[in-house]
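Report on the structure given below.
Hydrogens, waters and symmetry mates are skipped; everything else that's a heavy atom, side chains included, is used. Numbers restart at 1 for each chain; the letters A, B, ... are given by sequence-line order, proteins then strands.
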2 protein chains.
Amino acid sequence: MTELEASNRSDLLPFTQSLPMALMRARESTMRFFRPVLAAHELTEQQWRVLRALDASPEAPEVNELAQHTFLLGPSLTRILSNLSERGLIARAPASHDQRRAHISITEDGRSLVATIAPLSSRQYEAITERLGENRYRQLTKLLEEVADLRPDTEEARP
Amino acid sequence: MTELEASNRSDLLPFTQSLPMALMRARESTMRFFRPVLAAHELTEQQWRVLRALDASPEAPEVNELAQHTFLLGPSLTRILSNLSERGLIARAPASHDQRRAHISITEDGRSLVATIAPLSSRQYEAITERLGENRYRQLTKLLEEVADLRPDTEEARP
DNA sequence: GCAAATTGCTACACACGTTAACTATATTGG
DNA sequence: CCAATATAGTTAACGTGTGTAGCAATTTGC
């Protein structure tokens, strides 16, 4: 036991048992599998998520829709789309009936990049699943979904 | 099934089953419990981790040691310590035998802030544990530790 | 001893998460 | 019709993660 863990004046959980911390470290570990693959193609994980979503989408979605499917917030997505657009991996087309909206589509360059990275990415997933075991993997994703659905009830100050 | 999930040209997992995504969303959910508490005192989660670690430490640790215990990176910790120092919540003292090192300690103001927030934080942990059930909670933290210990084996280019 | 390598920490660049403000376009109500 | 409101998206500001580079103090190896 180290010095820092020895005392606990404030009656708090040690860090290793703190759920947010444990989640962050676990995510960090899994990302260590993927980051090298993506970095080799100058992509961040979020950029990759966007490309992957667009590649899988049969039609060009609007920004809002894309944000929901990639779990990105508007401002982040705006930046990511600017970046990907400059690199010619995606394209934007204004909606005909509503000038506020824009349809985002993946370009041929974008598609071939996805096709290049996809198998490498899959291999990393397989590596993780193997090490963890399919049972534990399924167990974990199930628990994570439950946690993701948790909401604080003390939403005071609701107008 | 939505449009984006319908097709999957690249043979990849849908987003909701991607482990890094699931971990991120789960963390996001848990943080929704704590953020209001910390925000009320102008603290970020990382700043709170540092204060909590210092409060629990019997002696003033060096920056390196503190980084390990809070799972923060050096550059991040540097910024956080500057911030907390300006606010008078921590103090730095150069090590006597090695001028590169510095010992970080929590001030009385810092301690009283921790004492104020700690019970509120604990209440949020209890809320999460209750909703999830103690069994699931333990199960989850155990799995997360296993995942956190995963390392990619394909560390090519090892000098 | 003193140059070379190492260590502890900081600075900087780039990207994302979050919140709030802002612009431009559409829609609604009187 | 036109003002008031709502919506889609962007911009701005701040803090953090990651990676790289840098500086100063210390240790090492000859």
> Could you give the CZ-to-C1' distance, from A/Arg101 to D/dT10, as a whole number of Å?
Replying inline: 16 Å

> Under 4.0 angstrom, heavy atoms only, what part of the nucleic acid is A/Arg27 near: base, sugar-phosphate, or nothing?
Replying inline: nothing

>> Please classify the nucleic acid contact of B/Arg35 as base, sugar-phosphate, or nothing, using heavy-atom distances under 4.0 Å.
In response: sugar-phosphate

> How is A/Glu28 classified with respect to the nucleic acid when contacts are heavy atoms under 4.0 Å: base, sugar-phosphate, or nothing?
Replying inline: sugar-phosphate

>> Nearest whole Å is fine: how far is C/dC9 C1' from B/Leu81 CG?
In response: 10 Å

> With sugar-phosphate meaning primed atoms plus P, OP1 and OP2, does B/Ser76 contact a base, only sugar-phosphate, or nothing at under 4.0 Å between heavy atoms?
Replying inline: base

> Hey, which of these two, B/Pro75 or A/Asn64, hits DNA chain D nearer its 5' end, going by closest nucleotide?
Replying inline: A/Asn64

>> As a test of reading the structure: which of D/dG17, D/dG15, C/dA15 is closest to the side chain of B/Arg49, going by heavy atoms?
In response: D/dG17

>> Checking contacts here: which listed nucleotide (C/dC16, C/dC9, C/dA13) is nearest the side-chain heavy atoms of B/Arg79?
In response: C/dA13

> Is the shortest side-chain N/O distance from A/Thr44 to OP1 or OP2 of C/dC14 below 4.0 Å?
Replying inline: no

>> In the structure I gave you, are the side-chain heavy atoms of A/Glu28 and A/Arg32 within less than 4.5 Å of one another anywhere?
In response: yes

>> Quick test of your reading of the model: are B/Arg123 and B/Glu130 salt-bridged, counting only N-O distances below 4.0 Å?
In response: no

>> Rounded to whole Å, please give me the gap between CZ in B/Phe71 and P in D/dT16.
In response: 18 Å

> Which nucleotide sits closest to the side chain of B/Arg92: C/dG17, C/dC9, D/dT16?
Replying inline: C/dC9

> Would one find a side-chain N or O of A/Asn83 under 4.0 angstrom from OP1 or OP2 of C/dA15?
Replying inline: yes

> So what does B/Gln47 touch, heavy atoms closer than 4.0 Å: a base, only the sugar-phosphate, or nothing?
Replying inline: sugar-phosphate

> Can you check the A/Gln68 CD to D/dA8 P distance for me, whole Å?
Replying inline: 10 Å

> Just checking, any donor-acceptor pair under 3.5 angstrom between side chains of B/Arg79 and B/Asn83?
Replying inline: no

> To the nearest angstrom, how far is B/Leu72 atom CG from C/dG8 atom P?
Replying inline: 18 Å

> Just checking B/Thr78: base, sugar-phosphate only, or nothing, at a heavy-atom cut-off of under 4.0 Å?
Replying inline: base

> CG of A/Leu73 versus C1' of C/dA20: gap in Å, rounded?
Replying inline: 13 Å

> So what does B/Leu77 hit on the nucleic acid, given a heavy-atom distance under 4.0 Å: a base, only sugar-phosphate, or nothing?
Replying inline: nothing

> Nearest 0.5 Å, what's the CD-CD1 distance between B/Gln124 and B/Ile117?
Replying inline: 12.0 Å

>> Without decimals, in angstroms, what is the distance between B/His97 NE2 and C/dG8 P?
In response: 10 Å

>> When you compare the side chain of A/Met31 with that of A/Glu45, does any pair of heavy atoms fall below 4.5 Å?
In response: yes

> For the pair made of CE in A/Met24 and P in C/dC16, what is the distance, rounded to whole Å?
Replying inline: 18 Å

> Between B/Gln99 and C/dC9, is there a side-chain N or O to OP1/OP2 distance below 4.0 Å?
Replying inline: no

> For A/Ser82 and A/Arg100, take the nucleotide of DNA chain D holding the closest heavy atom to each; which residue's nucleotide lies nearer the 5' end?
Replying inline: A/Arg100

>> For A/Tyr125 and A/Phe33, I'd like to know if the aromatic rings sit close, meaning centre-to-centre distance below 6.0 Å.
In response: no

